[in-house]
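For reference, the structure is listed below as structure tokens.
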Amino acid sequence: MGTTISEVSSHVGSEVTIGVWLANKRSSGKIQFLELRDGTGFIQGVVLKNEVDEADWEEAKELTQESSLYVTGLVREDKRAPSGYELTVSGLKLIQKAHDYPITPKEHGVEFLMDHRHLWLRSSRQHAILRIRNEVIKGTYDYFYDHGFIKVDAPLLTGSAAEGTTDLFHTKYFDRDAYLSQSGQLYMEAAAMAFGKVFSFGPAFRAEKSKTRRHLIEFWMIEPEMAFCDHEESLKIQEDYIACLVQRVLKKCQPELKVIGRDTSKLEKIKAPFPRITYDEAVRFLNKNGFDDIKWGDDFGAPHETAIAEHFDVPVFVTEYPAKAKAFYMKPDPDREEVVLCADLLAPEGYGEIIGGSQRIDDLELMKKRYEQYHLNDPSYKWYLELRQYGSVPHSGFGLGLERAIAWICGLEHIREAIPFPRLLNRIYP
RNA sequence: UCCACAGUAGCUCAGCGGCAGAGCAAUCGGCUGUUAACCGAUUGGUCGCAGGUUCGAACCCUGCCUGUGGAGCCA
């Protein structure tokens with residue numbers, strides 16, 4: 001391994017050798033421009049006929065898109081080059097000549113690009129998005145480590161449905177039934193009782209036949225859970241965490257945001273605290289704004305969420321939903337039993353719900369009642385009830401959909417670009 | 001599961017009842033500052049599949065398959 005393109009600015013005036021792929025080529029009779037990439041960045045190589053060996057000149061002429069080679073040359077600053085730096089090529093050594101690379105520099109359709117996702121990742125746009133994803137992941141680890149959380153891994157194979165609301169992928173566990181996890185939350189509640197503040201980061205699987213720009217069959221979720229933490233404290237952590245992520249991407253990923261053409265002025269506004277409206281207020285707002293179909297007690301659909309979020313240019317919390325519309329484990333408001341201490345965080349610009357969170361029921365008798373109401377008396381749920389039996393404490397947590405957050409931060413049309421190999425309805429290749 | 005739209009060259013698309021087309025890619029040639037370079041030439045087809053209507057179907061009709069994005073559900 002030699003120098004990388006990301007390091008060339010510190011090698012101006014000296015000769016370097018870099019392992020690269022040819023992204024594109026433009027040539028004249030006696031000068032060739034090689035658009036080179038090495039995974040860390042892009043740089044333009046210039047091959048001049050009267051300054052290289054004839055063999056190298058001929059080899060450069062033979063280069064095809066995505067051929068791999070070692071290139072040696074002098075690093076120069078040059079305003080005419082796309083990146084500001086240029087390599088005057090003095091020698092090149094072909095590793096492999098690629099034939100008929102499918103993704104050409106022109107436009108392609110969705111189906112074709114998805115069929116070639118393993119190659120599409122090489123494009124500058126996909127490269128930029130996935131580097132931002134990497135930064136969001138690193139930012140998540142840093143944030144929670146810095147705030148006293150420890151990462152605890154939840155199992156992916158489970159013996160029962162975590163929430164019982166969505167369709168699970170069924171599989172066999174030797175001669176028993178098992179399901180792929182759709183959430184690690186219940187396990188995080190157990191972990192919070194052991195470690196205080198915890199978070200999980202792992203994949204979640206939903207066998208829903210959803211096919212919209214906001215849905216993946218397999219997606220990654222960050223699920224913090226905090227003991228001795230009420231709903232209000234949880235909201236403060238959520239808004240601080242999201243604002244930190246956005247500011248970190250703004251600080252560290254300017255070149256990537258530029259490649260994908262993100263309007264960063266919209267991201268610069270993302271600072272805590274975020275506005276909040278209650279479910280009651282949201283229903284009144286919707287009824288006043290042309291949504292006669294919503295009445296108190298109904299859950300919101302995507303058009304309703306979009307209408308609410310459109311009134312803010314930062315994420316907005318919708319709080320205190322009717323208990324009937326939410327999961328069995330959410331804690332009722334002590335002053336108003338019909339609503340629960342929960343919040344959904346809706347991202348701006350129509351990106352929808354990126355966080356769902358709540359304070360959890362800590363009272364053993366109430367949880368027993370919920371078990372009866374929701375028919376959860378299966379032995380596989382026994383352990384979760386026991387968390388309320390041995391030193392129960394107030395606790396809260398939330399789940400962030402990683403790809404939805406990335407889609408919003410990057411301003412993507414579709415969530416499928418926010419994950420390296422998306423699993424979508426009807427697509428499990430490549 | 002429901003609704004809507006689409007499927008023609010390797011890719012992106014035009015053609016909408018009368019000879020299968022263009023741009024890009026590929027191949028060959030030209031060009032010393034290109035930025036999805038440009039210029040000339042060549043190659044490239046089961047018009048998604050099956051049936052029907054018609055003198056004649058890529059085009060009209062029916063069914064099926066595949067894809068797209070929207071609903072529901074959710075992060």
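Values below: all heavy atoms of this structure, side chains included; hydrogens, waters and symmetry mates excluded. Note that the structure is a prediction, hence the values are computed from the model and not measured. Per chain, numbering begins at 1; letters A, B, ... match sequence-line order.
One atom, CZ of A:Arg76, and another, P of B:G33, lie 14 Å apart when rounded to the nearest Å. Separating the CD atom of A:Glu66 from the P atom of B:A26 is a distance of 12 Å, rounded to the nearest angstrom. One atom, CZ of A:Phe300, and another, C1' of B:C73, lie 16 Å apart when rounded to the nearest Å. Between A:Leu87 atom CG and B:U34 atom C1' the separation is 16 Å, expressed in whole Å. Straight-line distance from the CD atom of A:Gln182 to the C1' atom of B:C73: 11 Å, rounded to whole Å.
Checking A:Arg404 against A:Leu424, the closest nucleotide of RNA chain B that is more toward the 5' end is the one next to A:Leu424.
Residue A:His99 is out of contact with every strand shown, counting any heavy-atom pair closer than 4.0 Å. Residue-level contact check: A:Gly301 touches the backbone only, with heavy atoms under 4.0 Å from sugar-phosphate atoms and none from bases. Residue contacts shown for A:Leu216 include a base, since a base heavy atom lies under 4.0 Å away. When heavy atoms are screened at a 4.0 angstrom cut-off, A:Glu86 is found touching base atoms of the nucleic acid.
Remark: nothing in residues 280-296 of chain A comes within less than 4.0 Å of RNA chain B through any heavy atom. For RNA chain B, the neighbouring residues in residues 19-48 of chain A, judged by any heavy atom under 4.0 Å, are A:Asn24, A:Arg26, A:Ser27, A:Ser28, A:Gly29, A:Lys30, A:Ile31, A:Phe33, A:Gln44, A:Leu48.
Pair assignment for B:C31: none, as no Watson-Crick or G-U wobble contacts are both less than 3.5 Å. Across all strands shown, nothing is found opposite B:A75 as a Watson-Crick or G-U wobble partner with both distances under 3.5 Å. Taking a pair to require two hydrogen-bonding distances under 3.5 Å in either a Watson-Crick or a G-U wobble arrangement, B:C55 pairs with B:G18. In this structure, B:A4 forms a base pair with B:U68, meeting either the Watson-Crick or the G-U wobble geometry with both donor-acceptor distances under 3.5 Å. Partner assigned to B:A26 is B:U42, using Watson-Crick or G-U wobble distances below 3.5 angstrom. Nucleotide B:U62 has B:A50 as its partner under the Watson-Crick or G-U criteria, with both atom distances under 3.5 Å.
Between A:His11 and A:Ser14, the side chains place no donor N or O within less than 3.5 Å of an acceptor N or O (distance only, hydrogens not considered). A:Asp280 and A:Thr278 share no side-chain donor-acceptor pair at under 3.5 Å. Under 3.5 Å, the side chains of A:Thr4 and A:Ser6 contain a donor-acceptor pair of N or O atoms. For the residue pair A:Tyr329/A:Gln185, the side-chain donor-acceptor check at 3.5 Å is satisfied.
Using cut-offs of 30° and 60° on the angle between ring planes, the pair A:His127 and A:Phe42 is perpendicular. Using bins of under 30°, 30° to 60° and over 60° for the plane-to-plane angle, the ring pair A:Phe112/A:His116 lands in the tilted bin. Using bins of under 30°, 30° to 60° and over 60° for the plane-to-plane angle, the ring pair A:Phe144/A:Tyr241 lands in the tilted bin. The aromatic rings of A:His147 and A:Tyr143 lie parallel to each other, their planes meeting at an angle below 30°, with 60° marking the opposite boundary. Taking the six-membered ring where tryptophan is involved, the planes of A:Tyr279 and A:Phe300 are essentially parallel, since the angle between them stays under 30° and well short of 60°. Using cut-offs of 30° and 60° for the angle between ring planes, the A:Phe199 and A:Tyr141 rings count as perpendicular. Ring geometry for A:Phe285 against A:His311 counts as perpendicular: the plane angle is over 60°, on a 0 to 90° scale with 30° as the lower cut.
Across B:C13 and B:A41, the matching C1' atoms stand 23 Å from one another, rounded to whole Å. Comparing the P positions of B:G17 and B:A4 gives an interatomic distance of 24 Å, to the nearest angstrom. A gap of 27 Å separates the C1' atoms of B:U53 and B:G21, to the nearest Å. A distance of about 24 Å separates the P atoms of B:C73 and B:C5, rounded to the whole Å. B:A22 and B:G15: their C1' atoms are spaced 10 Å apart (whole Å). Comparing B:C31 with B:G69, their P atoms sit 46 Å apart, to the nearest whole Å. Look at the P atom in both B:C59 and B:U8: the space between them is 13 Å, to the nearest Å. Taking atom C1' on both B:G67 and B:U12, the two are 16 Å apart, rounded to the nearest angstrom.
Not a single donor-acceptor pair, N or O on each side, falls under 3.5 Å between the base of B:U66 and the side chain of A:Asn426. For A:Glu413 and B:G69, a side-chain-to-base donor-acceptor distance below 3.5 Å is absent, hydrogens and geometry of angles not being considered.
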Taking only nitrogen or oxygen atoms into account, show me every contact under 3.5 Å that the protein makes with nucleotides 4-7 of chain B, one pair per line with its distance.
none

Would you tabulate the nitrogen or oxygen pairs shorter than 3.5 Å linking the protein to nucleotides 10-12 of chain B?
{"unit_1": "B:C11", "atom_1": "O2'", "unit_2": "A:Glu107", "atom_2": "O", "d": "3.2"}
{"unit_1": "B:C11", "atom_1": "O2'", "unit_2": "A:His108", "atom_2": "ND1", "d": "2.5"}
{"unit_1": "B:U12", "atom_1": "OP1", "unit_2": "A:Gly109", "atom_2": "N", "d": "2.8"}

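A sub-4.0 Å separation between OP1 or OP2 of B:A71 and a side-chain N or O of A:Arg214 is present.
Enclosure of atom CZ in A:Phe169 by more than 12 non-hydrogen atoms of other residues, nucleotides or ligands within 6.0 angstrom is indicated.
Checked against salt bridge (Lys or Arg N to Asp or Glu O under 4.0 Å), A:Lys295 has the following partners two or more places apart in sequence or in another chain: A:Asp298. Evaluation of the ring pair (Phe, Tyr, Trp, His ring centres under 6.0 Å) rule for A:Tyr187 yields A:Trp383 as partners, not counting sequence neighbours.
Between A:Lys93 and A:Glu59, none of the side-chain N atoms (NZ, or NE/NH1/NH2) sits under 4.0 Å from a carboxylate O, so this pair counts as no salt bridge.
Checked against B:A75, B:G33, B:U1, the side chain of A:His215 finds its nearest nucleotide in B:A75. Of the candidate nucleotides B:A75, B:G72, B:U68, B:A75 has the atom lying nearest to any side-chain atom of A:Arg206.
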Determine whether A:Gln182 and A:Glu208 satisfy the following criterion, side-chain contact (heavy atoms from CB on, under 4.5 Å), listing intermediate values before the conclusion. CA-CA 11 Å; A:Gln182 54 149 358; A:Glu208 296 159 0; 5.8 Å; no
